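Heads up: the structure comes next, in structure tokens.
The figures that follow rest on heavy atoms only: side chains count, while hydrogens, waters and symmetry mates do not. Computed from a prediction, not measured in an experiment: that's the story for all the values here.
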Amino acid sequence: QLQLVQSGGGLVQPGGSLRLSCAASEFTLEYYTIYWFRQAPGKGRQGVSCITSTIESTNYADSVLGRFTIARDDAKNTVYLQMNNLKPEDTAVYFCAATEDTFYLCPVEKDDLPYWGKGALVTVSS
């Protein structure tokens, strides 16, 4: 079964940047559509971004469009979420998730996914 291992996260000042990583050891991530979600304290889970397998199309929530970038590094079997110009409202636990489903354009709010990472806390505060 696919196991997703997350790294990154931490404390950053407003306007700063962080990069989250989502890796797998025994399965090739390029065959999976990969998602990033976040859950802020006291709030529900929100889809942040996704990248499809095969054609690698990407999709973003409006709240992060232009600030976050999702990308694959197939040589490292890792998917990254580069987060720039971070805001206090970006504070949340971030999760990566995966599905074998293929899409032309992945629906960023689809959360009925079979594989999930354990989450990484991102805190944006001065």
Out of curiosity, Thr99 OG1 to Asp111 CG, how far, rounded to the nearest 0.5 Å?
11.5 Å
Measure the shortest side-chain to side-chain distance between Leu29 and Leu2 over non-hydrogen atoms and say whether it is less than 4.5 angstrom.
yes
Using the rule that two of Ile, Leu, Val, Met, Phe, Trp, Tyr join whenever any of their side-chain heavy atoms come within less than 4.5 Å, decide whether Val124 and Tyr60 are in one cluster.
yes
Indicate yes or no for a side-chain donor-acceptor contact from Arg45 to the backbone of Glu109 under 3.5 Å, with no hydrogens or angles considered.
no
If a pair satisfies disulfide (SG to SG under 2.5 Å) and one of its residues is in residues 95-126, list it, with sequence neighbours excluded.
Cys22-Cys96, Cys50-Cys106
Answer yes or no: are there more than 12 heavy-atom neighbours, outside Asp62 itself, under 6.0 Å from its atom CG?
no
Can you check whether Met83 reaches Val12 side chain to side chain, under 4.5 Å on heavy atoms?
no
For a 4.5 angstrom cut-off between non-hydrogen side-chain atoms, does Ser125 reach Leu11?
yes
Looking only at atom types and distance, does a side-chain atom of Tyr104 sit under 3.5 Å from a main-chain N or O of Ile55, one as donor and one as acceptor?
no
Single-linkage hydrophobic cluster, 4.5 Å side-chain cutoff, Leu113 and Leu4 together:
no
To the closest 0.5 Å, what do you measure between CD1 (Ile70) and CD (Gln82)?
12.0 Å
Which pairs with one or both residues in residues 36-56 pass ring pair (Phe, Tyr, Trp, His ring centres under 6.0 Å), sequence neighbours excluded?
Tyr35-Phe37, Phe37-Trp116
Distance-only donor-acceptor check, side chains Ser53 and Thr102, under 3.5 Å
no
Can you name the side-chain contact (heavy atoms from CB on, under 4.5 Å) partners of Lys76, sequence neighbours left out?
Asp73, Thr78, Tyr80
May I have all residue pairs that pass salt bridge (Lys or Arg N to Asp or Glu O under 4.0 Å) and include part of residues 20-33, sequence neighbours excluded?
none
My understanding is that only residues two or more places apart in sequence, or in another chain, count here; which of them pass side chain to side chain donor-acceptor pair (under 3.5 Å) with Tyr115?
Glu100
Side-chain contact test, heavy atoms from C-beta onward, threshold under 4.5 Å: evaluate it for Asp90 versus Phe68 and give yes or no.
yes
With a 4.5 Å cut-off on side-chain heavy-atom distances among I, L, V, M, F, W and Y, is there a chain of contacts connecting Val64 to Phe95?
no
Inspect the surroundings of CD in Gln3 and state if more than 12 heavy atoms from other residues, nucleotides or ligands are less than 6.0 Å away.
no
Provide the closest heavy-atom pair for Asn84 versus Ser17 in the form atom of the first, atom of the second, distance.
OD1-OG, 2.9 Å
Just by distance, do the side chain of Gln6 and the backbone of Gly119 share a donor-acceptor pair under 3.5 Å?
yes
Spatial distance of atom CG (Asp74) from atom OG1 (Thr28) [nearest 0.5 Å]:
8.5 Å
Using the rule that Ile, Leu, Val, Met, Phe, Trp and Tyr join whenever any side-chain heavy atoms are under 4.5 Å apart, tell me whether Val108 and Val122 fall into a single cluster.
no
Could you measure the distance from the CZ atom of Arg72 to the OG1 atom of Thr52? Nearest 0.5 Å is fine.
7.0 Å
Restricting to non-hydrogen atoms, name the atom on Pro14 and the atom on Ser126 that form the minimum distance, rounded to 0.1 Å.
CD-N, 3.7 Å
Minimum heavy-atom distance between Leu105 and Thr58, given as atom pair plus value
CD1-O, 3.4 Å
Of all heavy-atom pairs between Gly47 and Ala61, which one has the smallest distance, and what is that distance?
O-CB, 3.4 Å
Just by modelled atom types, is the Asp101 backbone N or O under 3.5 Å from a matching donor or acceptor in the Thr33 side chain?
yes
Is Asn77 reaching over with its side chain to a backbone N or O of Phe27, donor-acceptor style, under 3.5 angstrom?
yes
Please list, chain by chain and in numerical order, all residues satisfying side chain to side chain donor-acceptor pair (under 3.5 Å) with Tyr94, sequence neighbours excluded.
Arg38
What is the minimum heavy-atom distance between Leu81 and Ser49, and which atoms define it?
CD1-CB, 4.2 Å
Any side-chain donor near an acceptor of the partner, Glu89 and Ser63, under 3.5 Å
no
